[in-house]
Every structure is written in structure tokens, then in C-alpha cells.
Protein chains: 2
Amino acid sequence: MKKTSDTLILEEFLPFRLSRLSESISLKFAQHYKREYGMTRPEWRALAALGQLGTLTSTQICQHSNMHKTKVSRAVQSLSKRGWLIRKRDDSDRRVEYLQLSAIGLRRYSKLVELAQQFQNELLSTMSPSAISTVNKALLILENLELNKD
Amino acid sequence: MKKTSDTLILEEFLPFRLSRLSESISLKFAQHYKREYGMTRPEWRALAALGQLGTLTSTQICQHSNMHKTKVSRAVQSLSKRGWLIRKRDDSDRRVEYLQLSAIGLRRYSKLVELAQQFQNELLSTMSPSAISTVNKALLILENLELNKD
DNA sequence: AATCAATGGTTACAATTGTAACTTAATTCA
DNA sequence: TGAATTAAGTTACAATTGTAACCATTGATT
């Protein structure tokens, strides 16, 4: 016999809390790169993944950032059109395409890294060291739920 | 002089971690009510807010769940068309409209509450009590950031 | 009272998104 | 070999979304 009640306290419901938080924080951060670089969220995410990890395929970007493959496909097209990344076919498996930031892409990337670090510093600067550590532990716990595996 | 590095570790970047988590958890949960009740995310959120808090205006739903007002407007219209909620104009200020679940709406609501609680129980069942407490503390910390105030 | 600004809520339109179908290429296995 | 699956990535189309403009009403200022 599971205990349940007839109302759901949203303030205690994990999916609600997470999406409320994530939407307000991500939106806030998105304003920066949207205004300054005219980038969309999927574009920023793809750029950030390539900047950090070097050469990746679209599929790898999907897996790493949990984005739908059509989103990634479009973001990659757009970055490629602006000349921020270079596509190179794999010769042994001609379905896959390796993606890599171009020189321009790298310059944009480092600007955006600065912006991101500044943003995060501002967030963290209002938190005590122990609060930061608690948040970190919690995120690790959530990231290791079965749900988020494989 | 702020210390920065030339790459951003996404696994340490708060907006990234939160949205990756939130998207995968919310999506997983959305599958349930989408499949069983044909509801969208904004509809579920509006329903859940009304079920928990009783009578609300659209604006209050926006504030509570951090949704865009057009999203709320459409969700409310849709719930109203299905007869799950009742709209009542305020007589002293005829711009505002009070929203309240109907009898049918309440029945759907309690079904969904059960679903939600089961979902959350499954999530929590894989976590130790101290892990749960860490997650709770962390979410409270994040929810109280300036960003999420007012 | 008359104008002007602000608020609750809706809607038109354009942009973004997801679903499903598709193309091309590789793999399996009969 | 060759038919049947599977994978990477794109695209057409429909659904969802956000932006901005819009009503209707109220509140503030004169």
C-alpha cells in the first residue's frame, strides 16, 4: 500500500522544480548570446560541445547535450553557413561527418566562454562555498539516476 | 583579475546541467500524461496549479509556473473546451477571470496526481535518504537565487 | 471629465520544434 | 550475392511556441 494524497504539492515535485529552475536560468543566459551574437540555444549548445570536445559527429552532439537530432542538424547547418565550423566526411564510413570549429568559430567560442564564465561566476558569487558544494553533489546524484544513463 | 580558462567544461556549467536534467526528466514524465490523457505540458502544468491552489487567474498561473502568458492562455482555452475548468469574470475588475477546476477536471486531476506521485516515488526509491535531502537542499538554494526571485 | 499609461488576457503571424518519412551508406545473415 | 535491417543525417509537414500588436478595462494625472 503506497501512501498518496489527493493533491500534489508542485513545490515538492521534482520535474516541476527542475524545469522551472532550468527555464528561468537558461532563458536568462540565452538573452546574452542571443542579443550579442544572434545565436539560438541549439546553436550555442553545439558550439559549446565542439569547443570543449574538439571533433564530434552530429550524433555525438545529440548524445552529449540531449538534443533532438533535427535540432542538432539545423544548428550545425546554421553554424556551417556562417563559417563557424567545418564538416569532413569519414572515408571509411561515408555516412558520418566530422564537425570541427573553424578559426572564426573558435574566436566566437572564446568570446562566448568568457560570457558563460562571467554568468556562472555571478551566480556562484551569491552562494556560500558549502551551498555550492551541496548543489554540486545534488546535480551529480540526479545525473546518475537510471533515467539519465545510457 | 578574474580567473578564466579558454574552454568551458559543460559538465560544470549550471545552465547546461540543469536543462539537460530537466529536459530528460520532464520528457519522461510527459510521456505518461501525453499517452494516457493526450495532454500537453502547459495543460498539465495549468491543471496541476489549479488542482493544488484552487482558484487562480491566468496571470497567477504564469507566475507560479514560470510559463509565458500565451502558453497559459492556450492551455486554459483547451482545458476549458474540454470542460475541465470553469471561468468566472471578476465583477469588480472585469479584466480578470477566475479559473477553477470543474468536477470532471478534478477527477482528471486526481488521476494525474496518482501518476505523478508514482513517478516521483520511483525516482526517489533509487536514492538514499541523505541523497534525497541533499537534492532538496540544493533545489532550495537554487530557487532562492536572486534570478528566481520576484 | 479627458487624456494617457498600465494591466489582464487574446490573437495574428513568424519562427522554432518534433514526428515521420526519406536518402544514402553500412551491416547482417541466408 | 543479395535481400533485409540498421545507422547517420536531412527534410517535408504539422504542431507548438514566442513576439508584437491588439482589445477591453482600469488607474493615474491633469
Side-chain angles (χ1 to χ4, degrees), chain A residues 19-20 22-24 26-31 33-35 37-46 49-50 55-81 85-100 150, chain B residues 19-20 22-24 26-31 33-35 37-46 49-50 55-81 85-100 150:
Chain A
S19 59
R20 206 173 42 158
S22 148
E23 273 154 38
S24 70
S26 289
L27 207 70
K28 184 92 177 185
F29 180 54
Q31 291 176 341
Y33 55 75
K34 195 166 196 178
R35 187 163 40 72
Y37 299 92
M39 294 180 80
T40 67
R41 210 135 83 79
E43 280 161 26
W44 150 248
R45 289 234 220 159
L50 290 168
T55 301
L56 294 173
T57 67
S58 287
T59 305
Q60 287 174 319
I61 296 179
C62 288
Q63 288 160 351
H64 180 261
S65 50
N66 233 202
M67 284 196 289
H68 196 244
K69 64 180 182 170
T70 59
K71 250 187 198 168
V72 172
S73 171
R74 284 153 184 156
V76 165
Q77 276 177 334
S78 153
L79 292 174
S80 159
K81 257 179 213 143
L85 66 75
I86 294 154
R87 318 165 83 131
K88 201 167 358 173
R89 280 245 165 266
D90 180 348
D91 288 321
S92 71
D93 183 343
R94 308 191 1 76
R95 289 170 305 182
V96 326
E97 213 172 34
Y98 296 112
L99 309 168
Q100 194 178 357
D150 57 38
Chain B
S19 59
R20 205 173 43 158
S22 147
E23 272 154 38
S24 70
S26 289
L27 206 70
K28 184 93 177 184
F29 179 55
Q31 290 175 342
Y33 55 75
K34 196 168 197 176
R35 188 163 38 73
Y37 299 93
M39 293 181 80
T40 66
R41 211 135 81 78
E43 280 163 26
W44 150 248
R45 288 234 221 160
L50 289 168
T55 301
L56 293 173
T57 67
S58 287
T59 306
Q60 288 174 317
I61 296 179
C62 288
Q63 289 160 349
H64 181 261
S65 50
N66 232 201
M67 284 197 289
H68 192 112
K69 64 179 181 169
T70 60
K71 249 187 197 168
V72 172
S73 171
R74 284 154 184 156
V76 165
Q77 277 178 334
S78 153
L79 293 174
S80 158
K81 257 179 213 142
L85 65 75
I86 293 154
R87 316 165 84 132
K88 200 166 2 173
R89 282 245 164 266
D90 180 348
D91 288 320
S92 70
D93 183 344
R94 308 191 1 76
R95 288 170 305 184
V96 326
E97 214 172 33
Y98 296 113
L99 308 168
Q100 195 178 357
D150 59 37

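By convention in this document, chain letters (A, B, ...) are assigned in the order of the sequence lines, proteins followed by strands, and residues within each chain are numbered from 1. What you see is a predicted model, and the numbers here were worked out from it, not measured in a lab.
- At whole-Å resolution of the value, CZ in A:Arg89 and P in D:dG9 are 8 Å apart.
- Heavy atoms of B:Ser92 sit under 4.0 angstrom from primed sugar atoms or phosphate atoms, though from no base atom.
- Relative to the side chain of B:Lys34, the nucleotides C:dT17, C:dA26, C:dT19 differ in distance, and C:dT19 lies closest.
- Under the rule for a side-chain contact (heavy atoms from CB on, under 4.5 Å), the partners of B:Asp93 that lie at least two apart in sequence or sit in another chain are B:Asp90, B:Arg95, B:Val96.
- If you measure from atom CD of B:Gln60 to atom P of C:dT7, you get 15 Å, rounded to the nearest angstrom.
- Atom CG of A:Asp90 is separated from atom P of C:dT27 by 10 Å (rounded to the nearest Å).
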Would you be so kind as to tabulate the donor-acceptor pairs closer than 3.5 Å made by side chains of residues 68-75 of chain B, with sequence neighbours excluded?
none

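- Of the side-chain N and O atoms in B:Arg87, one or more sit less than 4.0 angstrom from OP1 or OP2 of C:dT10.
- Between B:Gln77 and C:dT11 there is a side-chain N or O to OP1 or OP2 distance below 4.0 Å.
- A:Ser24 and B:Asn66 get closest at one heavy-atom pair: CB-OD1, 3.5 Å.
- A:Ser26 pairs by the side-chain hydrogen bond (donor to acceptor under 3.5 Å, both in side chains) definition with nothing, not counting sequence neighbours.
- Per the geometry, CG belonging to B:Leu99 stands 13 Å off P belonging to C:dG8, to the nearest Å.
- Contacts of B:Lys34 classified as side-chain contact (heavy atoms from CB on, under 4.5 Å), with partners at least two apart in sequence or in another chain: none.
- Taking atom NZ of residue B:Lys88 and atom P of nucleotide C:dG9, one finds them 15 Å apart after rounding to whole Å.
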Step by step, work out the side chain to side chain contact (heavy atoms under 4.5 Å, CB included) result for B:Val76 and B:Leu99.
-> CA-CA 8 Å; B:Val76 165; B:Leu99 308 168; 3.8 Å; yes
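- Residues B:Tyr98 and B:Thr55 approach most closely at CB-CG2, 3.6 Å, considering heavy atoms.
- The 5' end of DNA chain D is approached more closely, in terms of each residue's nearest nucleotide, by A:Thr57 than by the other of A:Thr57 and B:Arg94.
- Of all the residues in residues 61-76 of chain B, B:His68, B:Thr70, B:Lys71, B:Arg74 reach under 4.0 Å from DNA chain D with at least one non-hydrogen atom.
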Which pairs, protein N/O on one side and nucleotides 5-7 of chain D N/O on the other, fall under 3.5 Å?
from, atom 1, to, atom 2, distance (Å)
D:dA7, N3, A:Arg95, NH1, 3.1

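- Residues satisfying the side-chain hydrogen bond (donor to acceptor under 3.5 Å, both in side chains) criterion with B:Ser78, sequence neighbours excluded, are B:Glu43.
- One atom, CD of A:Glu43, and another, C1' of C:dT17, lie 14 Å apart when rounded to the nearest Å.
- Rounded to 10 degrees, the angle between the two end axes of the helix from C:dA1-D:dT30 to C:dA30-D:dT1 is 20°, with five pairs used at each end.
- In terms of the side-chain contact (heavy atoms from CB on, under 4.5 Å) criterion, residue partners of A:Ser65 (sequence neighbours excluded) are, by chain and number, A:Arg45, A:Ile61, A:Met67, B:Phe16.
- Residues that satisfy the salt bridge (Lys or Arg N to Asp or Glu O under 4.0 Å) test with B:Arg87, not counting sequence neighbours, are B:Glu97.
- A:Glu23 has no carboxylate O lying under 4.0 Å from a charged side-chain N of A:Arg41, or vice versa, which leaves the two without a salt bridge.
- Counting only heavy atoms from C-beta on, A:Val96 has its side chain closest to D:dG9 among C:dT10, D:dG9, C:dT19.
- Computed from coordinates, the B:Glu23 CD to D:dT17 P distance equals 13 Å when rounded to whole Å.
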Side chain to side chain contact (heavy atoms under 4.5 Å, CB included) between B:Tyr37 and B:Trp44, intermediate numbers included = CA-CA 10 Å; B:Tyr37 299 93; B:Trp44 150 248; over 6 Å; no
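- Between the C1' atom of D:dT17 and the CZ atom of A:Arg41 lies a distance of 13 Å, rounded to the nearest Å.
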